[in-house]
Each structure stands twice: as structure tokens, then as C-alpha cells.
Protein chains: 2
Amino acid sequence: MTSPRIILLAHGSSDKRWCETFETLAEPTLKSIDNARVAYMELAEPSMDTVISEGVAEGATVFTIIPLFLAAGRHLRKDVPAMVEELEKAHGATIQLAPPIGENPLLGQAIRDVVMLQLEQTPA
Amino acid sequence: MTSPRIILLAHGSSDKRWCETFETLAEPTLKSIDNARVAYMELAEPSMDTVISEGVAEGATVFTIIPLFLAAGRHLRKDVPAMVEELEKAHGATIQLAPPIGENPLLGQAIRDVVMLQLEQTPA
């Protein structure tokens, strides 16, 4: 079995600037991991359906969705798992849904580092 | 002038588990920075008003709000700035609103690290 294709899942927004922030956030991951993609749950393209369709057309069968969410609310507990089930049926693919990035302790450390930088920039 | 008091601002949710994830995310910052607090924009306590009231009662006059949001949408572009203006008037405090954490490149690097860990844990 080959490595799963990584899909970074963002909520999505009709505000182009919102999506651009996520594209910038995803850049280091997309540079480090072959075939990784960003997908949006709603309100922006590409959707999960688009990204999985394209992956399947290229021969991929296993995907891992990593939610770019700080915590799991209704979307990650209900909406996304339901969408994943539909997508697996529609595309004959295996799709693993990882925990949201905010549940990883690395995020808490990054937040502390951001705050420390912010404090250094504040005139005392 | 003393250092501003740091307020980590999360959206808030009626789901206790959602708030607990943010409390865990905030822990490294709260351990590193004196008087830093978490506050919620809505749906959970403590609110920004509660945290700023308590800070002012303790003698603080300057606060920096750091949004624990990955990107700026309507809340951070409109709702929160309006709330900050009201809070400054109500409490006679100076409140700086920092960019959301997701606009700092450190977050993109942390996301890449989380994804690499996730890939290592996936059976190949």
C-alpha cells in the first residue's frame, strides 16, 4: 500500500482573503509532501469531492483528511464524517479523517511562540 | 508603561469539549506569560468583558488581544473590532487587537510538523 494522499481541509469562505490565508498556511506542507492538496468543506473551491476525484483519476485509493481547524465542533463531529462516508461510496476510495490540527500539542507550542513574538514587538 | 496583558481570544462554543481544546491549546502560553488569560467572543465564559474587568480591577490599563483564529473572517474584521471599541470606552482601557495567529508563518510550520507526524503514524 502506498502512502495516503494528504488533504488539508479548511472550512472555506466566500471571502477570498480568508482562503488566501489558508493557502499560505498550507504552503510548507504542500512543499514537503508530494500530492498534498488543500480542500474546502464549503463556500470555496476546490471541494473535497473535486480533490478526491482528481486523486482517484491519478490512481490514488487512500486519502487522509487533516482538518485545519483548531477544535472539533459540529462540522468535524457530524458534517465532515457524513461527507466522508458519501465520498468513499461515490469514489470507491478509503478516506481517513484525522483529528483537527489543534488537538496536537505542537499547535499549543506554536501559539506560545507567536505570542512571545507579539510581546517583543509591542513597545514597552 | 508595563507590558500589556495578553488575552487569547477564541470564538467560543456551547460544546464544553470545544472550549477544553482551546484551554489545552492555551496552556503553554498561560504558563509562559504572567497574567495571560483566555476569553471567548461568544457562547462561553469568560467573555472579553469579564477578563478586561478583572484586569482593570487589578490595575491593568493596556491589553493585547491575540485571536486564536487561523484566518480573519467577518468576526475579526467587523465584530471583534466593534467589541474592542466598546470595551475601551466601558473600561477606560487601551486594547490592541493583534492579527490572528494563523497569519504568522510559525503556524504554517507547525501544521507541516503535525502532518508529518500524522504520516508517520499511518501504517504504510
Side-chain angles (χ1 to χ4, degrees), chain A residues 1-4 6-8 10-11 13-15 17-33 36 62 64-66 68-74 76-77 96 98-119 121-124, chain B residues 1-4 6 8 10-11 13-15 17-33 36 62 64-66 68-74 76-77 96 98-124:
Chain A
M1 192 173 121
T2 55
S3 287
I6 296 294
I7 298 173
L8 299 177
H11 181 280
S13 167
S14 55
D15 184 338
R17 294 169 296 180
W18 193 95
C19 294
E20 282 166 2
T21 302
F22 275 88
E23 283 157 26
T24 302
L25 275 172
E27 257 172 35
T29 305
L30 304 189
K31 279 187 188 153
S32 299
I33 297 173
V62 184
T64 296
I65 293 175
I66 300 185
L68 301 186
F69 287 63
L70 290 174
R74 183 178 48 80
L76 290 185
R77 294 187 195 280
Q96 302 151 341
I101 54 163
E103 291 185 6
N104 190 301
L106 289 172
L107 263 287
Q109 293 163 26
I111 289 169
R112 182 198 54 208
D113 294 344
V114 169
V115 175
M116 300 302 266
L117 279 175
Q118 183 71 39
L119 271 177
Q121 288 161 14
T122 307
Chain B
M1 193 174 123
T2 55
S3 287
I6 296 293
L8 300 177
H11 181 282
S13 168
S14 54
D15 184 338
R17 295 168 296 178
W18 192 96
C19 294
E20 282 165 3
T21 302
F22 275 88
E23 283 158 25
T24 303
L25 274 172
E27 256 172 38
T29 304
L30 304 189
K31 279 185 187 156
S32 299
I33 297 173
V62 184
T64 296
I65 294 176
I66 299 184
L68 300 185
F69 286 64
L70 291 175
R74 184 178 49 79
L76 290 185
R77 293 187 195 280
Q96 302 150 340
I101 54 163
E103 291 185 7
N104 189 301
L106 289 172
L107 262 287
Q109 293 163 26
I111 289 169
R112 184 199 53 208
D113 294 344
V114 169
V115 175
M116 299 303 265
L117 279 175
Q118 184 70 39
L119 271 177
E120 284 168 21
Q121 288 162 13
T122 307

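This one's a predicted model, so the numbers in the text were calculated from it and none came from an experiment. Chain letters run A, B, ... following the sequence lines, proteins first and then strands; every chain starts at 1.
- Residues B:Leu117 and A:Leu106 meet the side-chain proximity criterion, which asks for heavy atoms closer than 4.5 Å.
- Proximity to chain A (any heavy atom under 4.5 Å) is shown, for B:Arg74, by neither the backbone nor the side chain.
- Proximity to chain B is limited to the side chain of A:Ile66, based on heavy atoms less than 4.5 angstrom apart.
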Pairs of donor and acceptor atoms involving the side chains of residues 26-33 of chain A, under 3.5 Å and at least two apart or interchain, shall be tabulated with distances.
from	atom 1	to	atom 2	distance (Å)
A:Thr29	OG1	B:Arg112	N	3.4
A:Ser32	OG	A:Pro28	O	2.9

Which atom pairs, one a donor and one an acceptor, fall under 3.5 Å between side chains of residues 18-25 of chain A and the rest of the protein, sequence neighbours left out?
from	atom 1	to	atom 2	distance (Å)
A:Thr21	OG1	A:Arg17	O	3.1
A:Glu23	OE2	A:Tyr40	OH	3.4
A:Thr24	OG1	A:Glu20	O	3.0

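- Distance CD/B:Gln118 to CD/A:Gln96: 8.0 Å, rounded to 0.5 Å.
- Using a 4.5 Å cut-off between heavy atoms, B:Ile6 contacts chain A through its side chain alone, with no backbone atom that close.
- Across A:Pro100, A:Ser13, A:Gly102, the residue that shares the most heavy-atom pairs under 4.5 angstrom with chain B is A:Gly102.
- Taking the side chain as every heavy atom from C-beta outward, A:Val115 and B:Ile101 never approach each other to under 4.5 Å.
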Item to check | Working for side-chain contact (heavy atoms from CB on, under 4.5 Å), residues B:Leu107 and A:Leu107 | outcome: CA-CA 7 Å; B:Leu107 262 287; A:Leu107 263 287; 3.4 Å; yes

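- By number of non-hydrogen pairs under 4.5 angstrom with chain B, the leading residue of A:Leu70, A:Leu8, A:Asp15 is A:Leu70.
- The candidate with the highest count of non-hydrogen atom pairs below 4.5 Å against chain B, out of A:Glu103, A:Met116, A:Arg77, is A:Arg77.
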